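All values reported here derive from a predicted model rather than from experimental measurement.
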Amino acid sequence: MSVLFEKLEIGPLRARNRFVRAATYEALATDDGHMTPELRAVYEELADGGAGMIIVSYAHVVRDEQPNPRMLGIYDNSFVPEYRALVDDLHERGARVVSQIVYGGSATKLDPPSARILGPSAVANPKTGIVPVEATAADLQALACAFADAAARARAAGFDGVELHAAHGYLLSQFLSPLFNRRADEYGGSLENRARFLVEVVDAVRARVSAALPLLVKLNSSDGVEGGLTEGDSVEVAKLLASHGASAIEVSGNWRACRAKDYAGEPFFASYGQRLAREAGIPVILTGGNRRFDAMERLATEGGIAGFGLCRPLICEPDLPHRWQVDPHAKPRCVSCNGCSSSPGHRCILP
């Protein structure tokens with residue numbers, strides 16, 4: 001049996017294989033972030049298709065700050081029963097389930113955007129043009145509590161873990177980036193200061209939930225642009241997070257700048273992921289550009305990578321893990337066209 005079908009272990013979490021459904025925005029929740037039958041069916045299909053672990057699409061932790069339309073929420077206790085039903089269902093289908101939680105900030109795509117958007121500094125977002133309000137110390141304390149409350153709700157709902165989204169230009173990653181963080185106080189300047197708020201969120205979550213609950217952090221390998229977070233900085237942040245109780249790091253980055261054809265099936269951030277696996281001392285999930293079974297198998301056996309996040313390939317073929325179990329040489333149908341990102345419900349557009 002291939003190492004990819006051995007169990008993925010993150011603390012007490014045991015998933016049936018190394019294939020992770022990376023959190024993917026579907027735009028199928030209700031306007032206020034609640035589960036719908038259509039969205040639940042997406043996750044049921046993924047569990048039936050063989051994914052070992054499913055990271056449910058990001059849920060906003062503050063009612064009045066919603067990064068995208070029809071995304072999930074987890075900002076009050078009304079979400080707990082419906083998430084409990086989802087988790088129980090997916091457990092019965094053999095999958096482990098993780099809740100991803102987020103504060104979007106100026107990366108929002110909501111139209112019109114939320115009324116008050118916080119950021120590390122009042123710097124215009126180059127993609128949206130939005131200038132956030134520079135967060136005060138009181139704002140940051142309230143946000144750390146909001147993340148901790150959301151994690152407690154995820155635990156109450158029976159999730160196998162919780163993941164902080166600190167990548168892709170959302171608020172937690174903005175604090176890490178010199179491009180967005182121009183602060184002159186204890187939250188800006190040096191890497192240690194820029195990482196301070198993320199560390200405080202990790203500490204707040206750990207203070208609210210058992211140390212046994214796996215706490216993952218999705219982290220950019222780098223910002224992929226000049227003047228942003230570097231790979232060296234990212235490794236140091238990951239090591240700091242591990243020392244404060246993070247259980248695993250999901251590696252990501254500026255994947256839209258990567259073209260699958262340029263990587264010959266090699267994962268986009270493989271080099272960084274292997275470095276992180278050597279230095280961080282906690283499991284690493286590598287997300288972005290995973291297409292070739294043999295490349296992932298090699299990275300698991302020789303590169304120390306614990307799990308492999310799949311997004312677009314599982315949009316195209318939710319049963320791809322089962323296909324690979326039967327035929328490791330099977331070629332995924334996904335051609336990385338990104339048509340799914342603009343289709344209704346973020347569905348695959350291939351016939």
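We find the CD-CE distance between Q325 and M1 to be 8.5 Å, quoted to the nearest 0.5 Å. The distance from the CG atom of L314 to the CG atom of L46 is 6.0 Å, given to the nearest 0.5 Å. Here the straight-line distance linking atom CE of M71 with atom CG of D32 works out to 12.5 Å at 0.5 Å rounding. Considering CZ of F308 and CD of E297, their distance stands at 9.5 Å, rounded to 0.5 Å. The CD atom of Q141 sits 5.5 Å away from atom SG of C145, with the distance rounded to the nearest 0.5 Å. E82 contributes atom CD, which lies 10.0 Å from atom CZ of R40 (distance to the nearest 0.5 angstrom).
Contact check for L241 versus I249: side-chain heavy atoms found under the 4.5 Å cut-off. Between I117 and V133 the shortest side-chain heavy-atom distance does not fall below 4.5 Å. Using a 4.5 Å heavy-atom threshold, the side chains of P69 and D111 count as separate. For the pair M53 and R21, the minimum side-chain heavy-atom distance is 4.5 Å or more. Counting heavy atoms from C-beta on, the side chains of F180 and N125 come closer than 4.5 Å. You'll find the side chain of M35 reaches within 4.5 Å of the side chain of L86, heavy atoms only. Between P328 and L4 there is no side-chain heavy-atom pair separated by less than 4.5 Å. Side-chain atoms of N181 and S121, non-hydrogen and from C-beta on, do get closer than 4.5 Å to each other.
The minimum heavy-atom distance linking R347 with V42 is given by the pair NH1-CG2, 3.5 Å. Shown here for R333 and E317, the closest heavy-atom pair between the two residues is N-OE1, 2.7 Å. Closest of all the heavy-atom pairs between A238 and L276 is CB-CD1, 3.4 Å. Closest approach of A306 and P283 over heavy atoms only: CB-CB, 3.9 Å. Among all heavy-atom pairs drawn from V284 and G273, the shortest one is CG1-O, 4.1 Å. Considering all non-hydrogen atoms of both residues, R206 and H244 come closest at CG-O, 4.0 Å.
Of the possible donor and acceptor atoms, one in the side chain of S247 sits under 3.5 Å from a partner among the backbone N and O of L215. Put simply, the side chain of R96 never gets that close to the backbone of D160: no donor and acceptor are under 3.5 Å apart. Of the possible donor and acceptor atoms, one in the side chain of N17 sits under 3.5 Å from a partner among the backbone N and O of G52. Listed for the E250 side chain is no donor-acceptor partner under 3.5 Å among the backbone atoms of L219. Distance alone, capped at 3.5 Å, is enough to place a donor-acceptor pair between the W324 side chain and the A330 backbone. Side-chain N or O atoms of T24 include one that pairs as donor or acceptor with a backbone N or O of A22 at under 3.5 Å. At distances below 3.5 Å, at least one donor-acceptor pair connects side-chain atoms of D223 with backbone N or O atoms of L229. For T108 (side chain) and L110 (main-chain N/O), a donor-acceptor pair under 3.5 Å exists by modelled atom type. Between the side chain of N290 and the backbone N or O of L286, at least one donor-acceptor pair lies under 3.5 Å. Not one N or O on the side chain of Y58 forms a donor-acceptor pair closer than 3.5 Å with the backbone of S99.
A salt bridge links R208 and D149; the closest N-O separation between the charged side-chain nitrogens and carboxylate oxygens is under 4.0 Å. Ion pairing between R298 and D294 fails under the 4.0 Å rule for side-chain N and carboxylate O. Under 4.0 Å is where a charged nitrogen must lie from a carboxylate oxygen, and between R14 and E9 at least one such pair does. Between R196 and E200 there is no salt bridge, since no side-chain N of the basic residue sits under 4.0 Å from a carboxylate O of the acidic one. Taking a cutoff of 4.0 Å between a charged side-chain nitrogen and a carboxylate oxygen, R93 and D89 qualify as a salt bridge.
Tested against V20 for a side-chain contact (heavy atoms from CB on, under 4.5 Å), the candidates I54, I10, L310, I55 yield a single pass: I55.
Between Y43 and E26, the side chains place a donor N or O and an acceptor N or O closer than 3.5 Å (distance only, hydrogens not considered). Residues H322 and D48 bring no donor and acceptor atom of their side chains to less than 3.5 Å of each other. Inspection of the S114 and E65 side chains reveals no N or O donor paired with an N or O acceptor under 3.5 Å. Side-chain contact check for R312 and N338: at least one donor-acceptor pair (N or O, by modelled atom type) lies under 3.5 Å. In summary, the side chains of S173 and N220 do not present any donor paired with an acceptor at a separation below 3.5 Å, with no hydrogens or angles considered.
For H329 and F293, the gap between ring centers reaches or exceeds 6.0 Å.
Linking ILVMFWY side-chain heavy atoms closer than 4.5 Å, directly or via other members, places L179 and L176 in two distinct hydrophobic clusters. If you chain together hydrophobic residues whose side chains sit under 4.5 Å apart, Y103 and V131 never meet in one group. V205 and V56 fall within a single hydrophobic cluster, where Ile, Leu, Val, Met, Phe, Trp and Tyr side chains are chained together by heavy-atom contacts under 4.5 Å. The hydrophobic clustering, which links ILVMFWY residues whose side-chain heavy atoms are closer than 4.5 Å, places I282 and L8 apart. Hydrophobic clustering of Ile, Leu, Val, Met, Phe, Trp and Tyr side chains at less than 4.5 Å, counting indirect connections, unites L172 with I101.
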Kindly indicate, with the supporting measurements, whether the criterion side chain to side chain donor-acceptor pair (under 3.5 Å) is fulfilled by S221 and E231. CA-CA 5 Å; S221 54; E231 288 192 358; 4.8 Å; no
Verdict with reasoning, H34 to F79, per ring pair (Phe, Tyr, Trp, His ring centres under 6.0 Å): CA-CA 7 Å; H34 286 274; F79 291 93; 4.0 Å; yes
Take L216 and Q100 through the test side-chain contact (heavy atoms from CB on, under 4.5 Å) and record every step on the way to the result. CA-CA 9 Å; L216 293 74; Q100 186 185 83; over 6 Å; no
May I have the step-by-step check of side-chain contact (heavy atoms from CB on, under 4.5 Å) for L350 and C316, ending in yes or no? CA-CA 8 Å; L350 296 180; C316 185; 4.0 Å; yes
Please report the C-alpha distance between Y83 and F159 in whole Å, then the side-chain angles of each, then the deciding distance to 0.1 Å, and finally whether the ring pair (Phe, Tyr, Trp, His ring centres under 6.0 Å) criterion is met. CA-CA 8 Å; Y83 283 138; F159 280 99; 5.6 Å; yes
Could you give me the CA-CA distance, side-chain angles and deciding distance for R84 and D88, then say whether salt bridge (Lys or Arg N to Asp or Glu O under 4.0 Å) is met? CA-CA 6 Å; R84 166 63 74 174; D88 288 348; 3.6 Å; yes
Steps toward side chain to side chain donor-acceptor pair (under 3.5 Å) verdict (Y272, S222): CA-CA 9 Å; Y272 169 86; S222 73; over 6 Å; no
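For E279, the CD atom counts as densely surrounded, since its 6.0 Å shell holds more than 12 non-hydrogen atoms of other residues, nucleotides or ligands. No more than 12 heavy-atom neighbours from other residues, nucleotides or ligands sit within 6.0 angstrom of CD on E192.
Ring geometry for Y187 against F175 counts as perpendicular: the plane angle is over 60°, on a 0 to 90° scale with 30° as the lower cut. Ring orientation note: the planes of H60 and Y75 are tilted relative to one another, at an angle of 30° to 60°. A perpendicular orientation is assigned to the rings of H165 and Y170, their planes being inclined by more than 60° (bins at 30° and 60°).
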